[in-house]
Amino acid sequence: MPELLKKAYKDQLVTWIGKACHFRLLYKISRDGCSAQTFHQKCDGQGPTVTVLYNTNNTIYGGYLSQSWNSSGGYIADANAFLFRLQYNGSSNPLKFSISNASYAGNGNNTYGPTFGGGHDIHTFSGTINKSGKYFPLNGYVYNIGNSYNLNGQNSNTITNGSLQVTDLEVYSVIDGAEQQQTQVDKPWRVHTDWTEEKLEEIKENLLAYKPVSEANITAANILLLGQIGAGKSSFFNSVNTIFRGKISSKACSGNFEHSVTTMYRKYKIKDRSSGKFLKFRLCDSRGFEEDFALDAQEISFVLDGNIPDRYQFNPMVPFTPDTPGYIKDPDLENKIHCVAFVIDGSTVDVMPDKVLKQIKDLQIRMNQRGLPQIVLLTKLDKICPDVNDDVTNTFTSSAVCDAVEKVADIMGLPRAHVLPVKNYESETKLKTGVNILLMEAVERCLDFADDFMDEQLDKLASEET
């Protein structure tokens, strides 16, 4: 599971700690579970630590102890301890709050998560906390902040929003000496030519000129997008559409919701604004995978085989059957799916629910039976690696992205070359060359695989006729 703490914030913490040091992730609730027992197992006796909370207001705060956590049940004395705020409501705004009563810097209760101050200033949680949707509702409190630390005129609301609803909590070991391990590898882990405007125009022209295998006699290649809700499936279509519209587009409904935003099967066409022509491929969007709602495997089989028409409204209570109005009885190659792209959030792959993974594996069996090529679009690169968040051209020199690619390839049982890192347009208001190149290279690879599938289908038909 990738670290969330950005390099700039690590550098700020090093300055406050006052000596050369680096950080190693010990505990992360989204990876290890939110349990006081697990926290103490992983963090007790580990020397100096930094605890970082990321709340749902996009505020980042926490505390530093130069002494080890323990489970003695008493307070931890530490004259070097401090609390901090790194980010407030999404804006970088670092503040350090020094210890005012060193005898009560931390607390070693074995039923508590990380706890700072007497009374306490920050009591993160007790016992075990289960995730609720997109966040962990920690059961501690921050309203006593200032008991043992000097807040310099700040208060609970201006430091923590008064909120312990967190998307994650991390504890890092603080290790003496500058960081030796690089977040960037010396050589790119995947060969990539360049990130220039010329390269962008070259790929764009290739996609504009693309035509399916001529012998197939079809008008467009069909690429099916499948993925867990919130992974960026519909956002991928919007992002590709954005490139050819020349401005940020949101044609397909997208977002982070508890249930799938996509409720209708769509075969989206992409129109180039400059020429006014439609490109010769379609991005097909279906329902997202959910932990508590399994996709109907037979329904997806109908999608793969071209039986389900565009704009069919999914109804969980009434699955699609050959008797459903609009059923395409004898689909030809034009109707079928030619390549499947699984859209996977690289920052949460470690905590992908078993039920979702089983759905994916069950569908892969059906795809393999049909000889359908599969690729993975690895999204949320900015959450995988802070360096990529700063500059997407660092994608192929980022060791964190490389690790995520290898992990996903192993989980999916696909070659690493079939896992393609992409960055969707989400918070941006203007187009970026690097983002466009990653997106269009991914589409190019999908179309290469789609052509391979068409060739194989044509060979199969020819052999059946002889």
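- When each of N93, N55, N58 is paired with Q87, the side-chain hydrogen bond (donor to acceptor under 3.5 Å, both in side chains) condition holds for N58 and for no other.
- For the pairing with N335, the side-chain contact (heavy atoms from CB on, under 4.5 Å) check across I218, D330, I328 returns one residue only, I328.
- Checked by atom type and distance alone, the side chain of Q364 pairs as donor or acceptor with a backbone atom of M412 at under 3.5 Å.
- Here the straight-line distance linking atom CD of E299 with atom CZ of F314 works out to 5.5 Å at 0.5 Å rounding.
- Minimum heavy-atom separation, T196 to T433: O-CG2, 3.9 Å.
- Of the candidates R266, K233, K267, K233 is the only one forming a side-chain hydrogen bond (donor to acceptor under 3.5 Å, both in side chains) with D285.
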Would you check, one step at a time, whether the test side-chain contact (heavy atoms from CB on, under 4.5 Å) holds for L138 with L169? CA-CA 10 Å; L138 301 187; L169 180 155; 4.2 Å; yes

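- In this structure a side-chain-to-backbone donor-acceptor pair under 3.5 Å is present from R190 to R416.
- At most 12 heavy atoms of other shown residues, nucleotides or ligands fall within 6.0 angstrom of atom NZ in K211.
- The two residues Y54 and L5 make their nearest non-hydrogen contact at OH-N, 3.3 Å.
- For the pair H418 (side chain) and A409 (backbone), a donor-acceptor distance under 3.5 Å is absent.
- Nearest approach of N307 to K329, heavy atoms of both residues: ND2-O, 4.2 Å.
- Residues P421 and F396 are in side-chain contact: their nearest non-hydrogen atoms beyond the backbone lie under 4.5 Å apart.
- Put simply, the side chain of S398 never gets that close to the backbone of T395: no donor and acceptor are under 3.5 Å apart.
- Between the side chains of S30 and D168, at least one donor N or O sits under 3.5 Å from an acceptor N or O.
- The backbone N or O of V142 sits less than 3.5 Å from a side-chain atom of S156, completing a donor-acceptor pair.
- More than 12 non-hydrogen atoms from other residues, nucleotides or ligands lie less than 6.0 angstrom from NZ of K131.
- A donor-acceptor contact shorter than 3.5 Å is absent between the side chain of Y61 and the backbone of L83.
- Minimum heavy-atom separation, G62 to L53: CA-CD1, 4.1 Å.
- In this structure, K199 places its NZ atom where more than 12 heavy-atom neighbours from other residues, nucleotides or ligands lie under 6.0 Å away.
- W16 is listed as a side-chain neighbour of P94, based on a closest heavy-atom distance under 4.5 Å.
- Between I223 and V340, every side-chain heavy-atom pair lies at or beyond the 4.5 Å cut-off.
- Y312 pairs with exactly one of Y265, F320, F302 by the ring pair (Phe, Tyr, Trp, His ring centres under 6.0 Å) rule, that one being F320.
- A donor-acceptor pair is defined here as one N or O able to donate and one able to accept, closer than 3.5 Å; no such pair exists between the side chain of W195 and the backbone of V435.
- Ring orientation note: the planes of F39 and Y27 are tilted relative to one another, at an angle of 30° to 60°.
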Using side-chain contact (heavy atoms from CB on, under 4.5 Å), reason through K134 and T167 one step at a time and then give a plain yes or no. CA-CA 7 Å; K134 298 291 183 181; T167 54; 5.8 Å; no

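- Using a cut-off of 4.0 Å between Lys/Arg side-chain N and Asp/Glu carboxylate O, D11 and K6 are scored as not salt-bridged.
- To the nearest 0.5 Å, atom OG1 of residue T324 and atom CD1 of residue I308 are 8.0 Å apart.
- S286 and L224 get closest at one heavy-atom pair: CB-CD1, 4.4 Å.
- Residues L225 and L377 form a side-chain contact, since some pair of their non-hydrogen atoms from C-beta on lies under 4.5 Å apart.
- Between the CG atom of D332 and the CD atom of Q457 there is a distance of 12.0 Å, given to the nearest 0.5 Å.
- Between Y327 and P309, the closest side-chain pair of non-hydrogen atoms is not below 4.5 Å.
- Looking only at distances, a side-chain donor or acceptor of H338 sits under 3.5 Å from a matching main-chain atom of L333.
- Here D305 pairs with R370 in a salt bridge; the nearest charged N to carboxylate O distance falls below 4.0 Å.
- Of the N and O atoms on the side chains of Q165 and N57, not one donor lies less than 3.5 Å from an acceptor on the other residue.
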Residue pair T59, T160: steps toward the side-chain contact (heavy atoms from CB on, under 4.5 Å) verdict: CA-CA 7 Å; T59 293; T160 71; 5.8 Å; no

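- Here the straight-line distance linking atom CG of N241 with atom OG of S234 works out to 12.0 Å at 0.5 Å rounding.
- In this structure, the side chain of E428 engages the main chain of E426 through a donor-acceptor pair within 3.5 Å.
- Salt-bridge annotation for K358 and D362: present, with a side-chain N of the basic residue lying under 4.0 Å from a carboxylate O of the acidic one.
- Ionic pairing of E197 and K204 is not present here: no N-O contact between side-chain nitrogen and carboxylate oxygen is shorter than 4.0 angstrom.
- E3 has its side chain within reach of Y172: a pair of non-hydrogen atoms, C-beta onward, lies under 4.5 Å apart.
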Criterion side-chain contact (heavy atoms from CB on, under 4.5 Å) on Y210 and V443, from CA distance to verdict: CA-CA 11 Å; Y210 170 79; V443 174; over 6 Å; no

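- Ring geometry for Y268 against F237 counts as parallel: the plane angle stays under 30°, on a 0 to 90° scale with 60° as the upper cut.
- Minimum interatomic distance between C21 and V14 (heavy atoms only, all atoms of both residues): O-CG2, 3.6 Å.
- Between the CD atom in Q12 and the CD1 atom in I17 there is a gap of 10.5 Å [rounded to 0.5 Å].
- A donor-acceptor pair under 3.5 Å is absent between the side-chain atoms of R287 and the main chain of D296, judged by distance alone.
- L4 is not listed as a side-chain neighbour of V52, based on a closest heavy-atom distance of 4.5 Å or more.
- How far CD1 of I337 is from CG of N222: 5.0 Å, rounded to the nearest 0.5 Å.
- R85 is listed as a side-chain neighbour of L95, based on a closest heavy-atom distance under 4.5 Å.
- Using modelled atom types, one finds no donor on one side chain facing an acceptor on the other under 3.5 Å when comparing D32 with T38.
- Inspection of the Y425 and N436 side chains reveals an N or O donor paired with an N or O acceptor under 3.5 Å.
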